[in-house]
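For the numbers below, each heavy atom of this structure counts, side chains included, while hydrogens, waters and symmetry mates do not. Atoms within each ligand, like the ligands themselves, are counted from 1 in listed order.
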Amino acid sequence: MLHFDNRLLRELPGDADTDNRPRPVFGALWSPVSPTPVAAPRLLAWSSETADLLGLSERELTSPEWLAVLSGNGVLPGMSTYATCYGGHQFGAWAGQLGDGRAIFLGEAVAGGRRFELQLKGAGPTPYCRRADGRAVLRSSIREFLCSEAMHHLGVPTTRALSLVATGEAVTRDRFYDGHSADEPGAVVCRVAPSFLRFGHFELPARRGDTALLRQLIGFTLSRDFPEISGQPEERLARWFREVCERTARLVVHWTRVGFVHGVMNTDNMSVTGLSIDYGPCGWIDDFDPAWTPNATDARGRRYCFARQGAVARWNLERLADALSAIAPDPGVLNAGLEHYDAIYNGEFRRAFAAKFGFAQWRDDDAPLVEQAFDLLQKAAVDMTLFFRGLAAVDPLAPSMAPLGEAFCDEAKRQAHAAAFAAWLAQWCGRVRSDGEPDEGRQARMNAVNPRYVLRNYLAQEAIERTESGDPAAIHELLDVLRRPCADQPGKEHFAEKRPAWARHKPGCSMLSCSS
Ligand code: AMP
Ligand code: MG
């Protein structure tokens, strides 16, 4: 039996209005709202690791009582349902109030000495749903479920997914934004994280000039989510912002090292606890293209492309700093936090890529070699994941391009850059030889940090299509492989293959629409 202790409800002001209709909400951080029941819920998938975090057995999770909870058809004792109020900058512009438009919290579970917020995404309208329906389609829910768990297994801080439930109801979406709406199966994902607080939760009261609410929210966040930060109020605020900057820097380097592109880094999708949050049109890069964005809506501006994530995260932190400046007596402490972001980002980036390239540690003169590699990977259209795995297999005493062969995505581009690549590889061999360590050690270290299996968009799309045609086992088959992303898994080689030609332009396999 899960124990609930709903601090956010208890300690932060709530909305007096209990009406579900879309509206602005002032002076409150949450609104009471019940999930809208669904017709024929069916548990399609769950994460045993996330269930373990909560101390839930498979028997409990698969019981009729929990199916009701996970679909929004019922609650258990101790649960309280609500949606929270936040704003945000979307694509660089202030968007005003947003809020949990289709995510409904079940409360805060306390398990194994830790606290977890549980929320149902796609559980029906809330006061924050604006003109939308509060629902989610199966395809985007499968992706959210798989991405959350894949990221966890890659060692990337992330919100988690407990379950995926098909609602048995249709959801209407204009999938390609081309005026053609169609019915699709609906679903609900139960997400789990210590905190779902976003930058936008702080921006909204600051923008509205409600400094009392902002102060209250900061006090709450410090007390619940950052109890280790002590001191006088001003000192705590400075140390907290510095910590948010540090966690955000570490997070973006994690994304980069595994080739993940978030796709919608709006400030309402940035967690103050440094977690990856809101898996929409996101994905793992196939061929190493710094300008690649998985978000079709971002195809023109490429604001959220692979190479810009570090800069955009800093921009987002600057917006958070703007919000905090309403109550920070000394703006210098906020600037210090941003500078700390730069320092951590640069240090972590070097550390992560030194490990990926197999260097014992980063040396100042490694930068040109790494920059050249990035340049070549792009020009020669090389699959990032396969490249680093292949590089580990190159013998530095006998340089050969053979282990890298699989990684090339375009034969003409491979040939055009073959000589430059061979020259680079010779330099790389010299670099790793200069570390003077036994080669088996280097290979094992590289394979421990360079995943072989990532959730390529075409793999997710295959699981979606199989599930839509009645075979949800596809989700667990894929999740099983993603549980050990760095291990060689005999018989599972096909999950490590680069994007096949048929998937290059197929919807869902490279770029994704925001429609979800
Ligand atoms: P996103 O860019 O997906 O993070 O969403 C931005 C905002 O739109 C958030 O406030 C979401 O809660 C809201 N939203 C997105 N889709 C829906 C939907 N189908 N129903 C209600 N609100 C939604
Ligand atoms: Mg969002």
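Closest heavy-atom approach to atom 17 (C) of ligand 1 among the candidates Arg102, Arg198, Gln97, Arg131: Arg102.
Taking each heavy atom of Leu338 and Cys245 in turn, the nearest pair found is N-SG, 4.0 Å.
At a cut-off of 3.5 Å, with distance as the only test, no side-chain donor of Arg173 or Ser140 sits close to an acceptor on the other residue. No side-chain donor-acceptor contact under 3.5 Å links Gln309 and His262. Using modelled atom types, one finds a donor on one side chain and an acceptor on the other under 3.5 Å when comparing Arg7 with Ser223. Looking only at atom types and distance, the side chain of Thr273 has no donor-acceptor partner in the side chain of Asp225 under 3.5 Å away. Between Ser80 and Arg10, the side chains place no donor N or O within less than 3.5 Å of an acceptor N or O (distance only, hydrogens not considered).
At a distance under 4.0 Å, no protein heavy atom can be found next to atom 5 (O) of ligand 1.
Which parts of ligand 1 touch Leu98 is read off a 4.0 Å heavy-atom cut-off, strictly below it: atoms 10 (O).
Geometrically, ligand 1 and Gly99 share a nitrogen or oxygen pair separated by less than 3.5 Å.
Between the Mg ion (ligand 2) and Asn266 there is no N/O/S contact shorter than 2.8 Å. Asp268 lies apart from the Mg ion (ligand 2) in this respect, since none of its N, O or S atoms is found at a distance under 2.8 Å.
Scanning the protein heavy atoms around atom 8 (O) of ligand 1, the nearest turns out to be Arg130 NH2, 2.6 Å. Summary of contacts: the protein heavy atom closest to atom 18 (C) of ligand 1 is Ala132 CB, 3.4 Å. Annotation: atom 20 (N) of ligand 1 to nearest protein heavy atom, Gly134 N, 2.8 Å. The protein non-hydrogen atom at the shortest distance from atom 21 (C) of ligand 1 is Gly101 O, 3.2 Å.
With a heavy-atom cut-off of 4.0 Å, Arg173 touches ligand 1 through its side chain alone. At a heavy-atom cutoff of 4.0 Å, ligand 1 is contacted by the side chain of Gln90 but not by its backbone. The proximity of Asn269 to ligand 1, defined as any non-hydrogen pair under 4.0 Å, is limited to the side chain. In Asp278, the part holding a heavy atom less than 4.0 Å from any atom of ligand 1 is the side chain.
No donor-acceptor pair closer than 3.5 Å links the side chain of Asn6 to the backbone N or O of Leu106.
Taking the ring centroids of Phe91 and Tyr304, they lie under the 6.0 Å cut-off. Phe241 has its ring centre no less than 6.0 Å from the ring centre of Phe202.
Remark: distances from the non-hydrogen atoms of Gly280 to ligand 1 are all 4.0 Å or more.
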Using the side chain to side chain donor-acceptor pair (under 3.5 Å) rule, take Thr267 and Asn316 through it: C-alpha gap first, then chi angles, then the decisive distance, then the call. CA-CA 6 Å; Thr267 57; Asn316 290 339; 5.5 Å; no
